[in-house]
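First listed ligand is number 1; within each ligand, the first listed atom is number 1. What you see below is based on every heavy atom in this structure, not just the backbone, and it leaves out hydrogens, waters and symmetry mates. In this chain, residues are counted from 1 in sequence order.
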Amino acid sequence: MTTYFNGVVVRSSGERPAVAELRLPEIGPGQVRVRVRAAGVCHSDLSMINGTLRAPYPLVLGHEAAGEVIEAGDHVTRAAVGDHVVFNWQPPCRSCWFCAQGEPWLCSTSSGIAALENGITLDGAPVHVALGLGAFATQVVAPENAVIRVPAELGFDRAALLGCGVLTGVGAVRNTAQVAPGESVVVIGLGGVGLSVVAAARSAGAADVIAVDVSEAKKGLAEAAGATDFVVSSDTLSKEIRVRTGGRGADHAIECVGRAATIRAAWRATRRGGKVTVVGMGSNEDMVQLSALDIFSSARSLRSSVYGAADFDAEIPRLAADVLAGTLSVDHLISDRIGLADVPAAFDRMSRGEGARSVVVL
Ligand code: APR
Ligand code: ZN
């Protein structure tokens with residue numbers, strides 16, 4: 001069954017994305033066709049427009065999404081028509097060295113930032129789909145291991161956020177930083193990812209969660225997420241953090257911007273022996289400078305956290321259960337509910353550091 005549907009497409013680097021009509025041929029064995037019902041606007045989509053991430057064009061944007069399965073190809077067992085599902089933009093193969101090692105988030109066969117595999121065309125020519133999905137669209141075709149079922153009562157908008165920003169933020173705190181009760185945590189960058197980190201750090205029992213952003217307007221959102229303190233980012237940030245942490249610096253700094261300058265700020269915000277966790281995805285050209293002596297004598301550790309360092313298939317059902325039990329709130333992350341045509345304006349708001357998550361609701 002060939003279908004026509006709409007998606008948000010960027011045709012070249014730096015160009016303003018726009019809604020275009022796409023064509024989708026019959027789905028193949030092992031694939032599912034999903035009617036997208038909600039999709040969050042994540043900074044990685046913006047990075048694929050502005051060149052921070054090199055992406056092929058034309059490209060259907062969007063990867064943080066949930067929807068309803070409307071067709072299942074031959075041999076599909078993980079989902080059936082009518083199921084509510086969340087997308088995994090890095091579906092693991094479950095057979096490579098990393099998957100066998102229990103690190104499926106590092107799967108070596110993952111499709112990377114764009115793939116052509118699902119047969120979608122634009123004006124008669126193949127179009128790339130962001131992170132193998134292209135979810136700012138009314139339909140997505142994906143391999144069945146790129147979806148996981150979630151309870152219908154979760155709601156599509158909340159489910160969508162679990163699939164990228166929330167999993168990334170919560171996983172950085174629990175799996176990578178392993179924040180312990182009583183610790184102090186600095187969180188730099190308060191978008192959907194950073195605000196999820198703030199909430200997760202509080203629920204892990206952190207005594208102090210110092211939220212940092214260049215935009216003063218993020219203060220209210222940070223407090224709603226559970227921050228104990230808010231600081232506007234400046235050249236004197238490390239001094240400001242030391243004042244608030246007994247003169248030492250914080251036990252943890254979690255960077256959720258994706259820039260060398262903020263990674264360095266995170267480094268300097270931690271105490272001797274502190275832990276720096278990089279969650280933001282920056283560009284290949286942006287170099288972080290640290291002195292060899294500083295690396296040695298500060299005894300700090302620096303790690304990145306990719307996609308929450310989590311097994312998606314195990315973690316999403318847990319996060320969904322937490323949301324339904326009321327122990328994890330994601331509602332405060334949704335600042336705007338929008339249509340597909342409003343996605344470019346949502347990127348503008350994101351570039352200005354306004355709001356938390358814009359969510360496309362279809
Ligand atoms: N210092 C502090 N905060 C900053 C700075 C800075 N120098 N520059 C930008 N910010 C803030 C912005 O004001 C904004 O509040 O960082 C926040 C980033 O939020 P979003 O743009 O909404 O990004 P988000 O979707 O949360 O993703 C954050 O994680 O997964 C990665 O690719 C993603 O690198 C991105 C990061
Ligand atoms: Zn994302």
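- Note that CZ of Arg264 and CD of Gln289 are 7.5 Å apart. Values are rounded to the nearest 0.5 Å.
- Every protein residue with a heavy atom nearer than 4.0 Å to ligand 1 is included here: Cys42, His43, Ser44, Ile188, Gly189, Leu190, Gly191, Gly192, Val193, Asp213, Val214, Lys218, Ser233, Cys256, Val257, Thr262, Val279, Gly280, Met281, Met350, Gly353, Arg357.
- Excluding waters, the count of protein N/O/S atoms less than 2.8 Å from the Zn ion (ligand 2) comes to 3.
- Side-chain contact check for Arg33 and Gln139: at least one donor-acceptor pair (N or O, by modelled atom type) lies under 3.5 Å.
- Aromatic ring pairs are classed by plane angle as parallel below 30°, tilted from 30° to 60° and perpendicular above 60°; the pair Trp89 and His63 is perpendicular.
- Just one of Asp208, Thr270, Asp251 meets the side-chain hydrogen bond (donor to acceptor under 3.5 Å, both in side chains) condition when paired with Ser184; it is Asp251.
- For residues 341-351, the pairs satisfying side-chain hydrogen bond (donor to acceptor under 3.5 Å, both in side chains) are Arg16-Asp348, Arg349-Ser358, with sequence neighbours left out.
- In summary, the side chains of Arg271 and Ser298 do not present any donor paired with an acceptor at a separation below 3.5 Å, with no hydrogens or angles considered.
- For Arg268, the CZ atom counts as loosely surrounded, since its 6.0 Å shell holds 12 or fewer non-hydrogen atoms of other residues, nucleotides or ligands.
- Looking only at atom types and distance, the side chain of Asp331 has no donor-acceptor partner in the side chain of Ser329 under 3.5 Å away.
- For residues 196-205, no residue pair satisfies the side-chain hydrogen bond (donor to acceptor under 3.5 Å, both in side chains) rule, not counting sequence neighbours.
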